[in-house]
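Order of listing sets the numbers, starting from 1, for every ligand and every atom in it.
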Amino acid sequence: MSKASSRSTWSNRWAFILVTIGSAVGLGNIWKFSYIAGASEGSVGVFIVVYMACVALIGLPLLMAEILIGRRGRGNPVAAMLNTAKESNNSSWWALLGWVGIFGALMILSFYSVVSGWMVDYFWQYLVKGVQVNTPEETRVAYEAMMADPRRLVFWHTVFMVLTAGVVARGVVSGIEIANKIMMPLLFLILILLTLWGAVAGDMPAALRFMFNLKIEAVKPGVVIDGMGHAFFSLSLGMGAIMAYGSYVDKQTNIGHTCLWIAVVGALIGLLCGAAIFSLTFGYGLTPSTGPGLILQTLPLAFSDMPGGRVFAIFFFLLVIFAAWTSSISLLEPFVSWLTERFGIRRAFAAWGTALPVWLLGVAVCLSFNEWAEFKVLGRILFEVLDQLATRFMMPLSGLAIAIYVGWRLGKVIVVDEIQLKQRTFTLWFNVLRFVVPVGITLVFLYELVLRDWFG
Ligand code: PHE
């Protein structure tokens, strides 16, 4: 069998939409969104507006561009870049972009798995004994006890890594696709319940006021780049994940329509989660600016107070775990597909072999919260270094390069052939990709680096 014909493809267009939404919706929407928004108190509105504008004007066009490269190049991110570069007579240096993607994804996975581990820990606690906390002080103490215990962090990080590698090891269709088909519908269901509960028991008007309060004067340094970075993070852009998933898309799927679905549903779920979480936070008189532990320091109090709160908590953490799991799978897949295609290694072997070093880096991340907390780079612990390096720099810069590549280097013939859109829509997308995306990303960087004391 030739290499091309042995490549897997998703069962159908909906399967592809589902797995991509599965990749997009994750800790980013639930944990990261609420904690960055909470941390930019006073300028949350600006963060959210920048985020939504970036999803529409930068994220959506790039999503299409990444899938285009994956499908045209028919290979893992490195191979896809090489193949398309060759086809369009461009330098093979462009493959660097694929490298940045597959390594960047592993870097994200290392801390992503640790944070997911916190969620599994809380899930387990609610499942076996229930958690009864009565004051904000008690939730904080409970959270800090977990963070101070490296063994506990490493244990749940290990569990989560095993879950992730287990699915990737099973393959594209029988592992990744099936996992998504089971988890995503459940995730939608639990999310709707959570939002309804947020509206009933929480303070939705306060949440919305908090989220959409546009006080331009109060904008803090970093808020604008965080808004853009978050659009990248929450759409899984620039890290090879979408490119790898795109490489399993068949020729019949319409990239434009599919991406519209993914971006709209992804952003909507993000905002819904935010509204539900903040509504509960305010409804229980808590403050949203507690940092990465936000949902773990606020929600348990709400759970303790509601009838059937323990069951609800179990479902809530299940939702977070499912969301995180379907995303972490897409973080591991790009590198694994490169290993299997480049060296002909068995998938299972490649998946476990990649998971091991990533797990090790994750152990260092666990330690950065306690034993190694004093090791800082620019005032940041390892966890923050990895997160901010990926989200603020690697993702947007790799997005910039992708826009230049597809917009200016690949050649219109290939692009038109892959993106089956009506003439006018196509022109609109193509021009946004060529001008708005690069200019937008550059402006955000200039604004933050030149106008704000960003590293201060
Ligand atoms: N989009 C995922 C989330 O929001 C994270 C992710 C980033 C996944 C990059 C893949 C690639 O949680």
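Salt bridge present: Glu333 and Arg347 bring a charged side-chain N and a carboxylate O closer than 4.0 Å.
Close approach of ligand 1 to Ser234 is summarised as follows: ligand atoms under 4.0 Å from at least one heavy atom of the residue are 1 (N), 4 (O). Residue Ser330 approaches ligand 1 through these ligand atoms, each under 4.0 Å from one of its heavy atoms: 8 (C), 10 (C). Distances below 4.0 Å separate heavy atoms of Met395 from the following atoms of ligand 1: 7 (C), 9 (C).
Protein heavy atom nearest atom 8 (C) of ligand 1, with residue, atom name and distance: Ser236 OG, 3.3 Å. The protein non-hydrogen atom at the shortest distance from atom 7 (C) of ligand 1 is Phe233 O, 3.5 Å.
By the 3.5 Å distance cut-off applied to N or O atoms, Ser23 is counted among the residues near ligand 1. Considering backbone and side-chain atoms alike, Ala241 places every N or O at 3.5 Å or more from each N or O of ligand 1. Residue Gly28 has at least one N or O atom closer than 3.5 Å to an N or O atom of ligand 1.
Summarising the contacts of atom 11 (C) of ligand 1 with Leu237, Ile329, Leu331, the nearest heavy atom is found in Leu331. The residue from Gly22, Ala323, Ala24 that puts a heavy atom closest to atom 3 (C) of ligand 1 is Ala24.
Here Tyr112 has side-chain heavy atoms under 4.0 Å from ligand 1, and that is the only part of it that gets that close.
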Check against side chain to side chain donor-acceptor pair (under 3.5 Å), Thr258 and Thr253: CA-CA 8 Å; Thr258 312; Thr253 300; 5.8 Å; no

